[in-house]
*Asks:* 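Before I ask anything, let me first share the structure, which is written out below as structure tokens.
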Amino acid sequence: MRKVVDCRDMPSETNCTLTITGEEDEVVRAASEHAASVHGHENTAELRTQIRSNLKDEMPQHA
């Protein structure tokens, strides 16, 4: 099942609305790179673990 992470679920000074959907490892990688480049976080194992813990299952479009 594909996973989703949504910046709107995290506190942000920029009110970022990016949503990333894909296979779990893809989403964690893309979200950690986004967090570092856009939000100024350090791309660490701890950040990736936090992102992974916030992943949600993608809701099928025709549910």
*Asks:* Between T21, I20, L18, which is the residue that forms a side-chain contact (heavy atoms from CB on, under 4.5 Å) with V5?
*Replies:*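 Checked T21, I20, L18 against V5; only one passes side-chain contact (heavy atoms from CB on, under 4.5 Å): I20.
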*Asks:* Taking the side chain as C-beta and beyond, is there a heavy-atom pair between K3 and K56 under 4.5 Å?
*Replies:*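 Of all side-chain heavy-atom pairs linking K56 with K3, none is under 4.5 Å.
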*Asks:* Hey, are the side chains of V27 and L55 touching, using non-hydrogen atoms and a 4.5 Å cut-off?
*Replies:*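 The answer is yes; the side chains approach within 4.5 Å.
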*Asks:* Look up atom SG in C16 and atom CG in D9, then write down how far apart they are to the nearest 0.5 Å.
*Replies:*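 So the SG of C16 and the CG of D9 are separated by 11.5 Å.
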*Asks:* Kindly compute the distance separating CZ (R29) from CD1 (I51), expressed to the nearest 0.5 Å.
*Replies:*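 Going from the CZ atom of R29 to the CD1 atom of I51 covers 12.0 Å.
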*Asks:* Indicate yes or no: at least one non-hydrogen side-chain atom of M10 is less than 4.5 angstrom from one of Q50.
*Replies:*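 The answer is yes; the side chains approach within 4.5 Å.
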*Asks:* Does the side chain to side chain contact (heavy atoms under 4.5 Å, CB included) test come out yes or no for N43 and R48, once each step is laid out?
*Replies:* CA-CA 7 Å; N43 190 349; R48 292 186 295 277; 2.7 Å; yes
*Asks:* Is D25 salt-bridged to R52, going by a charged N under 4.0 Å from an acidic O?
*Replies:*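 Judged by the 4.0 Å cut-off on N to carboxylate O distance, D25 and R52 do form a salt bridge.
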*Asks:* Once you round to the nearest 0.5 Å, how far does CD of E46 lie from NE2 of H41?
*Replies:*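 Result: 11.5 Å between the selected atoms.
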*Asks:* How many angstroms lie between NE2 in H34 and NE2 in H39, if you round to the nearest 0.5 Å?
*Replies:*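 These two atoms lie 3.0 Å from each other.
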